[in-house]
Amino acid sequence: MVNSMFGGDKLSRAAAQGNWQEVKRLLNEEKVNANAVNKYGRTALQVMMLGCTFVAEELLKNGADPNVQDKNGFSPAHDIARSGFLDTMVVLMKYQSDVNLENASGCLPIHLAAQEGHLNVVQFLASRSSIWHKNHRGQTPLDLARVSGRTEVVEWLEQVIQFQSSQ
């Protein structure tokens with residue numbers, strides 16, 4: 001087994017580069033722990049190239065914690081929602097990612113997806129999360145989409161709210 005600090009750096013580097021084959025090799029041949037931290041205290045899942053579903057899947061099937069949070073409360077789901085990678089979010093959910101974890105500002109991943117205008121991610125998360133959840137500033141995902149000028153997200157969320165209110 002590789003020294004965990006050294007292994008964590010190697011695994012994080014490969015994940016950040018989106019190098020799936022090297023991630024797989026490190027996990028399976030060198031037996032690096034999928035939750036090993038790098039010299040900055042972050043796991044490979046936290047620093048991976050976000051659009052690389054193969055890297056995410058490899059880390060998660062080897063035991064990476066999908067709910068690990070950094071010092072600001074950001075989990076991989078927060079980072080992926082903010083960046084708009086729906087396919088990677090689907091992989092996270094397959095491995096029990098909690099999309100209702102708050103970051104330090106009280107935002108759920110759906111808040112960040114709405115703020116950044118990632119409608120497909122907002123739509124995916126809406127049934128798995130709360131569109132009514134307020135962050136520490138009292139803002140819902142709809143409020144953040146409005147403030148950020150994300151018209152398409154605003155229109156969709158307004159329709160959902162109107163539909164839910166009529167039920």
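If you read the sequence from its start, that first residue is 1, and numbering goes on from there.
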Below 30° counts as parallel, above 60° as perpendicular, anything between as tilted: where do the rings of H133 and H111 land?
perpendicular
Measure the [atom1]-[atom2] distance between [X] and [Y] for me, rounded to the nearest 0.5 Å.
X    : Y    : atom1 : atom2 : value
E102 : Q69  : CD    : CD    : 9.5 Å
I110 : Q123 : CD1   : CD    : 10.0 Å
Q21  : L26  : CD    : CG    : 12.0 Å
T88  : D79  : OG1   : CG    : 11.5 Å
T43  : L59  : OG1   : CG    : 8.0 Å

Taking only Lys NZ, Arg NE, NH1 and NH2, and the carboxylate oxygens of Asp or Glu, determine whether K94 and E57 approach each other closer than 4.0 Å.
yes
Using 4.0 Å as the upper bound for N to carboxylate O, is an ion pair formed by K10 and E30?
yes
Linked hydrophobic residues, F74 as query - side chain contacts closer than 4.5 Å
L112
Kindly check if the number of other-residue, nucleotide or ligand heavy atoms within 6.0 Å of OH (Y95) is above 12?
yes
Are N135 and S105 close enough that a side-chain donor and a side-chain acceptor fall under 3.5 Å?
no
Pairing donors with acceptors under 3.5 angstrom, does anything connect the side chains of T140 and D143?
yes
On a heavy-atom basis, which atom in V32 and which in G7 lie closest, and how many Å separate them?
CG1-O, 3.5 Å
Looking only at non-hydrogen atoms, find the nearest pair between L125 and A81 and report the distance.
CD1-CB, 4.3 Å
Hey, quick one: are [X] and [Y] part of the same hydrophobic cluster, counting side-chain heavy atoms closer than 4.5 Å, chains of contacts allowed?
X   : Y   : value
M48 : V90 : yes
L45 : W20 : yes
V68 : V55 : no

Which residue, N120, I80, T53, forms the side-chain contact (heavy atoms from CB on, under 4.5 Å) with M89?
I80
Going by atom type alone, with no hydrogens or angles, which donor-acceptor pairs under 3.5 Å involve a side-chain atom of residues 149-164 and a protein atom two or more places apart or on another chain?
residue : atom : partner : partner atom : Å
R150    : NE   : Q115    : O            : 2.9
E158    : OE2  : R146    : NH2          : 2.7
Q164    : OE1  : W132    : NE1          : 3.1

Report the C-alpha separation of L92 and L60 in whole Å, then their side-chain angles, then the decisive distance to 0.1 Å, and conclude whether the side-chain contact (heavy atoms from CB on, under 4.5 Å) test is met.
CA-CA 8 Å; L92 272 182; L60 290 161; 3.9 Å; yes
